[in-house]
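Start at 1 and go down the list; that is how both ligands and their atoms are numbered. Every value quoted in this text rests on a predicted model; they were computed, and no experiment measured them.
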Amino acid sequence: MPLPFLNILLLISLPFQVISQNDPTTEERSILLKLKQQLGSPSSLQSWNSTSSPCDWPEIVCSGNSVTKILLRSKNITQKIPATICDLKNLTTLDLGDNFIPGEFPRELYNCTKLQALDLSSNYFVGPIPDDIDRISGLQFIDFGSNNFSGDIPPAIGRLSELQVLQLYQNEFNGTFPKEIGDLSNLQILGLAYNDKFVPANIPVEFGKLKNLKTLWFTEANLIGEIPDSFNNLSSLEILDLSRNHLEGKIPSGVFTIKNLKQLYLFNNKLSGEIPSTVETLNLVEIDLSMNNLTGSVPKDFGKLQNLQLLNLFSNQLSGELPSSIGLIRNLTGFRVFYNNLSGILPPELGLHSKLEAI
Ligand SMILES: *[C@@H]1O[C@H](CO)[C@@H](O)[C@H](O)[C@H]1NC(C)=O
Ligand SMILES: *[C@@H]1O[C@H](CO)[C@@H](O)[C@H](O)[C@H]1NC(C)=O
Ligand SMILES: *[C@@H]1O[C@H](CO)[C@@H](O)[C@H](O)[C@H]1NC(C)=O
Ligand SMILES: *[C@@H]1O[C@H](CO)[C@@H](O)[C@H](O)[C@H]1NC(C)=O
Ligand SMILES: *[C@@H]1O[C@H](CO)[C@@H](O)[C@H](O)[C@H]1NC(C)=O
Ligand SMILES: *[C@@H]1O[C@H](CO)[C@@H](O)[C@H](O)[C@H]1NC(C)=O
Ligand SMILES: *[C@@H]1O[C@H](CO)[C@@H](O)[C@H](O)[C@H]1NC(C)=O
Ligand SMILES: *[C@@H]1O[C@H](CO)[C@@H](O)[C@H](O)[C@H]1NC(C)=O
Ligand SMILES: *[C@@H]1O[C@H](CO)[C@@H](O)[C@H](O)[C@H]1NC(C)=O
Ligand SMILES: *[C@@H]1O[C@H](CO)[C@@H](O)[C@H](O)[C@H]1NC(C)=O
């Protein structure tokens, strides 16, 4: 073994090590330039060159001189995501939204072990969401909306315990969604809307466990059965949109006691029975219960909703008189009650206190 040779090797390699230790961005720049090439060098990435620091490129965010975010929204990307991307060991955010990326879910990303935010929305992805997606265990933000993902949404998604945002709207899912989503105790936004190829399904009782949920966006998702009573427990809810489904039964009595509720859309279902008479949701701005089969009278308490801007109750079987207090709501601009069986007179002060635009 010629020992001197080994020494020379050490001597040669030492300076290089020193350089790359001082400037980790040099190494990360070569990774990014390779990535650019693998993406077909789109002209949108012109500023990615070998003389500038990647931390100065508009699409890159660094922290402590190391790449942490890649923001490639609307960059005309047409290629699959190369495995190279996970050589950036500190990557936490990857935004690939609004491109033309084809193929199945990019499992290459399983090697991005620090990933927290993944936006694949508005691309050409197809096939299932893999049933071991929980391997990217630190995910806090998912937006896979507006793609052609199909099959079932896997129960594994309920094991991504850090998730705060889960957007799966507008896909081609032709299976089911899992009750395990109810286990996501940090979830604030859940978007499953515009998935009308779902197998008809009830809303899982377990969704009532989502104590931190602020937005439930579930329009046009082929929902059947009743709204579970457990929804009375969604105490953080601000936006509840279950419109354009096939829901039946009553509106749970507690829905109008969720303090922070601002928008309630239950229109275009088959809901029946009376509108709950106890109304404590004083922050409500919009209520749309139109196109159902609701009976009974319009709750007097609706007059308490001083923030209300929209009240749609048309196409139901509501009867009796409108409470005159509705005429006192100052910001009411949209008020539609046609196609019911209402009687009596309109609230005398309607339109005097607010700028009604539609009635
Ligand atoms: C994407 O391509 C279109 C059409 O080729 C072009 O008009 C647009 O400027 C491109 N966008 C970017 C960010 O390069
Ligand atoms: C490299 O990109 C930077 C901007 O990121 C630009 O200012 C510089 O002119 C570019 N250099 C070459 C050689 O293209
Ligand atoms: C990742 O970040 C840590 C802490 O900021 C840093 O020590 C390390 O060098 C970075 N890794 C790479 C590959 O740049
Ligand atoms: C992750 O990286 C390892 C080692 O580089 C490689 O063997 C493996 O195939 C990668 N996994 C994925 C899913 O790309
Ligand atoms: C996605 O689905 C739509 C509607 O079914 C279809 O028109 C489109 O061709 C599909 N796109 C891809 C990339 O599969
Ligand atoms: C769901 O859609 C995928 C993709 O279009 C198709 O391959 C699969 O057979 C469909 N599954 C069912 C149960 O319809
Ligand atoms: C609401 O939450 C409480 C406390 O966690 C629980 O005991 C109760 O069963 C829940 N109600 C419904 C209808 O799920
Ligand atoms: C409304 O309810 C009546 C009975 O109360 C029923 O006959 C009718 O089919 C229902 N309409 C809808 C659209 O569900
Ligand atoms: C009415 O609307 C205005 C402007 O949208 C807003 O500033 C005001 O707080 C609202 N008042 C009430 C009582 O909701
Ligand atoms: C409408 O209300 C009147 C009483 O005000 C009642 O006689 C009638 O049966 C109701 N019609 C429907 C379709 O419910």
Trainee: Do we see a donor-acceptor contact under 3.5 Å between the side chains of S66 and N90?
Mentor: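 The criterion, which ignores hydrogens and geometry beyond distance, is satisfied for N90 and S66.
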Trainee: Can you label the angle between the F218 ring and the F207 ring as parallel, tilted or perpendicular, going by 30° and 60°?
Mentor: parallel
Trainee: Look only at interatomic distance and state if D229 has a nitrogen or oxygen under 3.5 Å from any nitrogen or oxygen of ligand 7.
Mentor: no
Trainee: Could you list which atoms of ligand 7 come closer than 4.0 Å to a heavy atom of N233?
Mentor: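 Counting atoms of ligand 7 from 1, those under 4.0 Å from N233 are 1 (C), 2 (O), 3 (C), 8 (C), 10 (C), 11 (N), 12 (C), 14 (O).
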Trainee: Determine the interplanar angle of the F314 and F338 rings, folded into 0 to 90°, and report it as parallel if under 30°, tilted if 30 to 60°, perpendicular if over 60°.
Mentor: parallel
Trainee: Relative to each other, are the rings of Y110 and F105 parallel, tilted or perpendicular (30° and 60° limits)?
Mentor: tilted
Trainee: So that I can tick it off, tell me whether R159 and D183 are bridged by a salt bridge, with the cut-off set at under 4.0 angstrom between side-chain N and carboxylate O.
Mentor: no
Trainee: Write 'none' if nothing qualifies; otherwise put on separate lines each N/O atom of ligand 6 with a protein N/O atom under 3.5 Å away and their distance to 0.1 Å.
Mentor:
| unit_1 | atom_1 | unit_2 | atom_2 | d |
| --- | --- | --- | --- | --- |
| ligand 6 | 2 (O) | N174 | ND2 | 2.2 |
| ligand 6 | 11 (N) | N174 | ND2 | 2.9 |
| ligand 6 | 14 (O) | N174 | ND2 | 3.3 |

Trainee: Check if S66 has a non-hydrogen atom at a distance under 4.0 Å from any atom of ligand 3.
Mentor: yes
Trainee: What disulfide (SG to SG under 2.5 Å) pairs are there with at least one residue in residues 103-178, not counting sequence neighbours?
Mentor: C86-C112
Trainee: Of all the atoms in ligand 3, which lie at a distance below 4.0 Å from a heavy atom belonging to E28?
Mentor: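 Result: 12 (C), 13 (C), 14 (O).
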Trainee: For L282, is there any backbone N or O sitting under 3.5 Å from a side-chain donor or acceptor partner on K304?
Mentor: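 No, the answer is negative, given that no donor and acceptor are paired below the 3.5 Å cut-off.
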Trainee: For N90, is at least one N or O under 3.5 Å away from an N or O on ligand 3?
Mentor: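 Such a contact does occur with ligand 3.
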Trainee: Which class fits the ring pair F144 and F149: parallel under 30°, tilted 30 to 60°, perpendicular over 60°?
Mentor: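 Ring orientation of F144 relative to F149: tilted.
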